[in-house]
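In what follows, a structure is listed as structure tokens, so that the remarks can point back to it.
Small disclaimer: the values here were computed from a predicted structure and weren't measured. Atoms considered below: every heavy atom in the structure, side chains included; atoms not considered: hydrogens, waters and symmetry mates. Each ligand, and each atom within it, is numbered from 1 in the order the structure gives.
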Amino acid sequence: MSTADEESGPAPRLFPALPDPLPVEVFDSHCHLDLVELPVEEQLASARAAGIRRIVTIGVDLPSSRLCAETAAEFDDVYAGVAIHPNDTTGLTDDALTEIADLAARPEVVAVGETGLDYYRDWAPKDDQHRSFRAHIDIAKRTGKALVIHDREAHDDVLRILAEEGAPDRVVFHCFSGDAEMARVCADRGYVMSFAGNVTFKNAEPLREALRVAPLDLILVETDAPFLTPVPHRGKPNVSYLIPHTVRFMAEVKDVPVPDLCEAITTTGHRIFGF
Ligand SMILES: [Zn+2]
Ligand SMILES: [Zn+2]
């Protein structure tokens, strides 16, 4: 979950048409398969038809983290992230963190996330969010999995806590929301920036400036489905098969050929998630 497109109100349950498939395969680095109102088989089939084979499905609490791990075990090409979302950290227990650590150790789980800090919604007290984020950083390091960060209006504290705890080797800022300066800091530290459909939004020029300065080998693409549907389908529910709209738009912003961007994303995916 992330910068949901709240201002447009409830989305009509009408799924957009399949876009032209990408010339080179990419993957969806962050999706909530369990929140999209389509069967998983259908989401995978439509994604494949658009040139997206692998999907990382992301947990936000214990039930969804369990489900994501189960879905990843059941379906080839589905991998899981497990975590307690920062918005859900009020009164977080050690038992919950222990279960996340157990789930994170499973082979089909490739990431600890989404964790991080959300000062926009501010649903959980900052102390609880910080404690949870620090614990998830520790779990990622102990299990050797990538850390997938949700950072909403909390850049400084996210960067500070990562530095204080010692960042894991592989860090991904999901739905990257920083400007060019933040992108430079992330690039210096080797953090990967995953761009979502909101990079296509009219008012997202600072995000496009960040994308321009982000090194090609530190860029990923994601849907965050069912949220953040890219233009020209903004307002409708998002599904992994809509990634081509975002990738083509990103290639134009970066001024690189679409196949080159796809190949760079796939190579980074291999390095970060091991597939
Ligand atoms: Zn998400
Ligand atoms: Zn998020």
Fill in: the Zn ion (ligand 2) to His174: nearest N/O/S atom name
NE2
Discussion item. If I consider every N, O or S atom in His30, which one ends up closest to the Zn ion (ligand 1)? I only need its name.
Written reply: NE2
Worksheet item: What's the atom name of the N, O or S in Asp224 nearest to the Zn ion (ligand 1)?
Response: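 Atom name returned: OD1.
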Fill in: Pairs satisfying side-chain hydrogen bond (donor to acceptor under 3.5 Å, both in side chains), at least one member in residues 266-275, at least two apart
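Listed by first then second residue: nothing to list.
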Worksheet item: Which value, rounded to 10°, describes the OE1(Glu114)-the Zn ion (ligand 2)-ND1(His150) angle?
Response: 90°
Practice prompt. Quick one: list whatever passes ring-ring contact (aromatic ring centres under 6.0 Å, His included) with Tyr119, sequence neighbours left out.
Written response: none
Worksheet item: Any Lys/Arg nitrogen of Arg160 or Asp156 sitting under 4.0 Å from an Asp/Glu carboxylate oxygen of the other?
Response: no
Discussion item. Looking only at side-chain N and O atoms, does His136 offer a donor or acceptor that is under 3.5 Å from a partner on Glu165?
Written reply: no
Worksheet item: So, His32 versus Asp224: side-chain donor-acceptor pair below 3.5 Å or not?
Response: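 Short answer, yes.
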Practice prompt. Could you confirm whether His32 has any N/O/S atom lying under 2.8 Å from the Zn ion (ligand 1)?
Written response: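 It does: His32 brings an N, O or S atom closer than 2.8 Å to the Zn ion (ligand 1).
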